[in-house]
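The structure appears below as C-alpha cells.
Sequential numbering from 1 along the given sequence is applied to the chain's residues.
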Amino acid sequence: MGSIMTVTGEVPAAEVGAVLMHEHIMCDLYRVSLNSDHLLDDVDLATREIRHLQATPVRTVVDVTSVGLGRDLETLRNIALQTNINIVGGSGWYRDPFFPQEVLDKTSDGLAEVLISEIEDGLQGSGIRPGIIGEIGALRRPMSPAEERVLRAGGFAQLETGVSIYTHAARSTVGIDQARILVRMGVPADRIVIGHSDTVPRKEYWAELLDMGVTLGFDTVRPHFPYDLEVRVAALEWLAERGALDRVVISNDVCFRSHLRAFDGGGYPFCATDFFDSLRQVGFGDQEFQTIFCDNPVRLLERS
C-alpha cells in the first residue's frame with residue numbers, strides 16, 4: 001500500500017482512515033455572492049469545527065478549495081498540525097465568474113505548467129504540495145471557453161502527474177461534457193470524480209457517467225432538507241443494486257457558515273455519522289462504509 005500527499009507531507013495509506021473527499025475549510029464565495037454566510041475565514045472557528053471529527057472514524061479531509069475560492073494551503077497545514085487530522089489540499093481554478101486574471105492570460109498548456117509545478121515541487125515559499133486537482137468546475141452547460149480551458153489544463157496536469165481530478169458540476173448535466181473531454185484526452189476514467197452528481201437526481205445521468213467509468217461525487221450531503229437526504233439514500237441504494245458502490249464518494253461540501261456546527265449545521269462529521277446511520281437502516285453496513293469512505297478515496301488519492 002502506498003501513500004497520499006497531504007499539506008503536511010506524505011501519509012501512509014494505512015493511516016488515512018475514513019476520508020471526506022469534498023470539503024472547504026477556508027473558503028471565500030463572498031467576494032462574488034456578497035452574502036456573509038458564504039465566507040469561511042475564521043481560523044480558530046475552522047480549527048474547532050475540524051476537531052469535531054476526532055470523535056468519528058474520519059481522519060482525512062480533502063479540501064478542494066481551488067484558486068478563486070480563497071485557497072490558503074499554509075493555514076490548512078497549521079490546522080492539520082493542531083487537530084491531528086490529515087488535510088489534502090486542492091489545486092486549479094474554480095469556475096466563472098471566480099477566475100483570476102491568470103486564467104484569462106494563459107493557455108491550457110500554460111495553466112497546466114502551473115499545476116504541474118505545484119504538484120511536483122510545491123507552492124513557492126511553502127513547499128506544500130496539493131494532493132488533488134480540483135475543484136475545477138463549470139457554472140452550467142455549456143461550459144464557457146475559460147472553463148473548458150481550465151478543465152483541459154487539469155487534464156494535461158493529470159496526465160503528467162497521475163493526480164486525480166475532481167470537478168464541480170452542480171445542478172447541471174455539464175458533468176457529462178467534463179467526463180467526455182477528460183476521457184478523450186486520455187485521462188484514466190478511474191482518476192476522475194464528477195462532483196455534485198447528487199444535485200442532478202436522474203438515474204440516466206448517473207448511468208451515463210458510470211458507463212464512462214468515472215466516479216460520482218455524492219458530496220452535498222447536509223441535514224437541512226429531509227427530502228434531499230431521502231433522495232440521496234434512495235440513489236445510493238440504486239448504486240448498490242448496480243454493484244457500483246466502488247464508484248461513489250460521499251461528502252458534505254461544507255462551504256457556508258450555516259453548514260458549521262457552531263451555526264446549527266451538520267458540520268464536517270454529518271455525512272459519515274448521521275447520514276450513514278440512515279444508510280444502515282436500509283441495509284448498509286461496515287463493508288459499505290469501508291468501500292465508500294476508505295477504499296474509494298484511497299484509490300483516488302494514491303499516486304498512479
Could you give the distance from [atom1] ([X]) to [atom2] ([Y]), rounded to the nearest 0.5 Å?
X	Y	atom1	atom2	answer
S126	D72	OG	CG	10.0 Å
N78	I87	CG	CD1	9.5 Å
R299	D295	CZ	CG	9.5 Å
R247	D211	CZ	CG	12.0 Å
R222	D228	CZ	CG	9.5 Å
I85	T47	CD1	OG1	11.5 Å

Do [X] and [Y] have side chains that approach each other closer than 4.5 Å (heavy atoms only, starting at C-beta)?
X	Y	answer
T199	T220	yes
L300	V62	no
I4	V16	yes
I192	T215	no
V193	T167	no
N35	H38	yes
F293	C271	yes
P269	V58	no

Stepwise side-chain contact (heavy atoms from CB on, under 4.5 Å) check, L115 with Q158:
CA-CA 9 Å; L115 293 175; Q158 195 291 320; over 6 Å; no
Is a side-chain donor or acceptor of [X] paired with a backbone partner of [Y] at a separation under 3.5 angstrom?
X	Y	value
E147	S144	yes
R180	G175	no
E288	G285	yes
R191	G162	yes
Q54	T83	yes
E49	L260	no

Looking only at heavy atoms, which two atoms of [X] and [Y] are closest? And how far apart?
X	Y	value
V298	A13	CG1-CB, 4.1 Å
G154	I136	CA-CD1, 4.1 Å
T75	V43	CG2-CG2, 3.8 Å
G217	D198	O-OD1, 3.5 Å
I181	M143	CD1-CE, 3.4 Å
G131	L301	O-CD2, 4.2 Å

For S258, all residues meeting side chain to side chain contact (heavy atoms under 4.5 Å, CB included), sequence neighbours excluded
D37, F256
Applying side chain to side chain contact (heavy atoms under 4.5 Å, CB included), can you list everything that pairs with T8, at least two apart in sequence or on another chain?
T6, R77, A80, L81
If you group Ile, Leu, Val, Met, Phe, Trp and Tyr by side-chain heavy-atom gaps below 4.5 Å, do [X] and [Y] land in one group?
X	Y	answer
L73	L69	no
I133	I116	no
L34	L29	no
L111	I165	yes
L39	I79	no

For the side chain to side chain contact (heavy atoms under 4.5 Å, CB included) test, which of I292, I132, N296, D219 pairs with M21?
I132
For [X], what residues pass the side-chain hydrogen bond (donor to acceptor under 3.5 Å, both in side chains) criterion, not counting sequence neighbours?
X	value
S197	none
D105	Q101
E237	none
T173	R141

Sequence neighbours excluded, every pair satisfying side-chain hydrogen bond (donor to acceptor under 3.5 Å, both in side chains) that has a member inside residues 9-32:
S3-E10, H22-E135, H22-D253, E23-S251, E23-N252, H24-T65, H24-E135, H24-D253
side-chain hydrogen bond (donor to acceptor under 3.5 Å, both in side chains) pairs, two or more places apart, involving residues 108-119:
R71-E118
Apply side-chain contact (heavy atoms from CB on, under 4.5 Å) to residues E74 and I128 and explain how you reach the verdict.
CA-CA 8 Å; E74 293 193 54; I128 302 173; 3.8 Å; yes
Crowded around N84 CG? As in, over 12 foreign heavy atoms under 6.0 Å?
no
Take atom CZ in R59; do more than 12 heavy atoms of anything else shown fall under 6.0 Å from it?
yes
Show every ring pair (Phe, Tyr, Trp, His ring centres under 6.0 Å) that has at least one partner inside [range], sequence neighbours left out.
range	result
residues 261-280	F276-F289
residues 197-240	W206-F218, W206-W238, H224-H259
residues 55-86	none
residues 68-109	Y94-F98, Y94-H168

Residue pair V282, V233: steps toward the side-chain contact (heavy atoms from CB on, under 4.5 Å) verdict:
CA-CA 8 Å; V282 297; V233 168; 4.1 Å; yes
So, are R280 and D286 salt-bridged, with charged N and O less than 4.0 Å apart?
yes
Could you please spell out the steps behind the side-chain contact (heavy atoms from CB on, under 4.5 Å) verdict for Q178 and I194?
CA-CA 8 Å; Q178 293 172 335; I194 300 302; 4.1 Å; yes
